[in-house]
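By convention in this document, chain letters (A, B, ...) are assigned in the order of the sequence lines, proteins followed by strands, and residues within each chain are numbered from 1. Note that the structure is a prediction, hence the values are computed from the model and not measured.
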Number of protein chains: 2
Amino acid sequence: MTDEFEDTLSIREMCDTFEVTPRTLRFYEAKELLFPHRVGTRRLFTRRDRARLKLILRGKRFGFQLEEIRQLLDMYDRDDSQIAQLSKTYEIAKDRLADMERQRDELDEAIADLREQLKWGARVLGAQKTAHTADQARK
Amino acid sequence: MTDEFEDTLSIREMCDTFEVTPRTLRFYEAKELLFPHRVGTRRLFTRRDRARLKLILRGKRFGFQLEEIRQLLDMYDRDDSQIAQLSKTYEIAKDRLADMERQRDELDEAIADLREQLKWGARVLGAQKTAHTADQARK
DNA sequence: ACGTCTCTTGACGTTAACGTAAAGCCATTC
DNA sequence: GAATGGCTTTACGTTAACGTCAAGAGACGT
């Protein structure tokens, strides 16, 4: 009764707001990442859903998988006093950070490597052939 | 006749040399990236196959897809005089490099972002709750 | 002849995160 | 009351690069 006029969004409004497809929102609901209300058969996304979706998208940017995100999100929903869980969250995040840094370092290596190849002309994958083909390729 | 005793490797020797599985080599052959000889039904990988595999693996490190790698490899196999193709190779590689740099930049952003979150305690995905939960999580 | 080893060819399974129909309900609006 | 428009569920399709059996052939040693 207090929230009879809770401000909610239709699926389309959600999509427009967050630039996702309806399929995506339904998928997230199926995976229990979102819990929109229903009016008849229609979904109504609450403020809470919006907050969650924002976090989901941020999690994705971080490279978390949906299942990991769901777990993290669920922790916050549980009793606030389960601090042990929070520190676990912390560790998961640090692991992810380490992963990302490893990835970036590999990428950096590969980039440097590829740059080096490009410097030598068109022999990108190391094709041997003759030197003049490379020269000509450079025009 | 001249290469009756061409030095070749069995599939197992190839696998050990390049740290790949037999499945992988057969897969590459199916995708026309490798062309091992046959003796009866057995595969014999020639020097050429070894060179190609080396380039394939390098290509993968660069983030090329197998199909792209196949195309690049094929160019080198065609007439040496098709210089136009070579410069196309060059462009493909430059595009890939640009992709990789974009990826890395995004990753850098995400990393910085995540680091920032970690600085603020356990609220990794931005969970709001109370400040003390985060404090306690920091111990 | 028998067992063992290495290799072969199918051919289906895996994973993530949705895409893409197909078919139907409900509320307007003409 | 028919056509629309928006939404629904169900369910199969997609993609890459292999993994993972299953069943069988060939060679080799005893």
Side-chain angles (χ1 to χ4, degrees), chain A residues 8-46 49 52-73 92 96 99-100 103 106 110 125, chain B residues 8-46 49 52-73 92 96 99-100 103 106 110 125:
Chain A
T8 56
L9 297 186
S10 74
I11 198 169
R12 181 108 303 280
E13 292 167 329
M14 277 293 271
C15 291
D16 292 347
T17 304
F18 292 96
E19 301 193 270
V20 294
T21 70
R23 181 68 177 94
T24 298
L25 294 179
R26 296 189 193 110
F27 182 77
Y28 289 168
E29 182 183 0
K31 293 288 179 182
E32 302 186 81
L33 286 143
L34 296 178
F35 310 93
H37 289 169
R38 296 297 180 105
V39 168
T41 156
R42 268 75 196 254
R43 289 170 175 81
L44 285 186
F45 294 85
T46 67
D49 289 315
R52 288 196 140 229
L53 182 52
K54 206 185 271 181
L55 299 185
I56 291 167
L57 297 179
R58 167 153 14 152
K60 290 204 60 178
R61 281 196 49 233
F62 288 166
F64 286 99
Q65 296 185 347
L66 289 183
E67 174 56 21
E68 294 177 306
I69 295 175
R70 191 188 61 75
Q71 289 177 28
L72 295 180
L73 248 35
I92 292 178
R96 187 78 264 279
D99 277 356
M100 289 165 70
Q103 262 191 57
E106 278 182 41
L125 285 186
Chain B
T8 57
L9 297 186
S10 74
I11 198 169
R12 181 107 304 277
E13 293 167 327
M14 277 292 272
C15 291
D16 293 346
T17 304
F18 292 95
E19 302 192 89
V20 294
T21 70
R23 181 69 177 91
T24 298
L25 295 179
R26 295 190 193 111
F27 183 76
Y28 289 168
E29 183 183 359
K31 293 287 178 182
E32 301 186 82
L33 285 143
L34 296 178
F35 310 93
H37 288 169
R38 295 300 179 105
V39 167
T41 155
R42 267 75 195 253
R43 289 171 176 81
L44 285 185
F45 294 86
T46 67
D49 289 316
R52 287 196 140 228
L53 183 52
K54 205 185 272 182
L55 299 185
I56 291 167
L57 297 179
R58 170 160 0 159
K60 290 205 60 178
R61 282 197 48 234
F62 288 166
F64 287 100
Q65 296 186 348
L66 289 183
E67 174 56 20
E68 295 176 306
I69 295 175
R70 190 188 61 74
Q71 289 176 30
L72 294 181
L73 249 35
I92 291 178
R96 187 77 263 280
D99 277 354
M100 288 166 70
Q103 263 191 55
E106 278 181 41
L125 285 186

**Q** Would you say B:R23 reaches D:dA17's phosphate, i.e. side-chain N/O to OP1/OP2 under 4.0 Å?
**A** no
**Q** Just N and O in the side chain of B:S10: are any of them under 4.0 Å from OP1 or OP2 of C:dC7?
**A** yes
**Q** Round to the nearest Å and state the distance from A:L25 atom CG to C:dG19 atom P.
**A** 10 Å
**Q** Just the rounded figure in Å: distance from C1' of C:dC18 to CD of A:E67.
**A** 16 Å
**Q** Output the rounded distance in Å from CD (A:E19) to C1' (C:dC18).
**A** 17 Å
**Q** Please name the residue in the list B:L55, B:L57, B:D49 that meets the side-chain contact (heavy atoms from CB on, under 4.5 Å) test with B:L53.
**A** B:L57
**Q** Tell me the interatomic distance from B:R38, atom CZ, to C:dT8, atom C1', rounded to whole angstroms.
**A** 8 Å
**Q** Pick the closest DNA chain C nucleotide for A:R42 and for B:T41 by heavy atoms, then say which residue is nearer the 5' end.
**A** B:T41
**Q** Rounded to the Å, how far apart are A:I69 CD1 and C:dA16 C1'?
**A** 12 Å
**Q** Compare every heavy atom of A:I56 with every heavy atom of A:I69, then report the nearest pair and how far apart it is.
**A** CD1-O, 3.5 Å
**Q** OP1 or OP2 of C:dA17 less than 4.0 angstrom from a side-chain nitrogen or oxygen of A:Y28, does that happen here?
**A** no
**Q** Give a yes/no on whether any side-chain N or O of B:R12 is located under 4.0 angstrom from OP1 or OP2 of C:dC7.
**A** yes
**Q** So, the side chain of A:E13 versus the backbone of A:S10: is there a donor-acceptor pair under 3.5 Å, distance only?
**A** yes
**Q** OP1 or OP2 of C:dG19 less than 4.0 angstrom from a side-chain nitrogen or oxygen of A:R26, does that happen here?
**A** no
**Q** Do you know which two heavy atoms are closest between B:R52 and B:E32, and how far apart they sit?
**A** NH1-O, 4.4 Å
**Q** Please report the distance, rounded to the nearest Å, between CZ in A:F45 and P in D:dT8.
**A** 7 Å
**Q** Given D:dC18, C:dC18, D:dC7, identify the nucleotide with an atom nearest to the side chain of A:I11.
**A** D:dC7
**Q** Without decimals, in angstroms, what is the distance between A:D16 CG and D:dG6 P?
**A** 11 Å
**Q** Between B:E29 and B:R43 (salt bridge meaning N to carboxylate O under 4.0 Å), is one present in this structure?
**A** yes
**Q** Would you mind reading off the distance between A:R43 atom CZ and C:dC25 atom P, rounded to a whole angstrom?
**A** 17 Å
**Q** Can a side chain N or O of A:T21 be found less than 4.0 Å away from OP1 or OP2 on C:dG19?
**A** yes
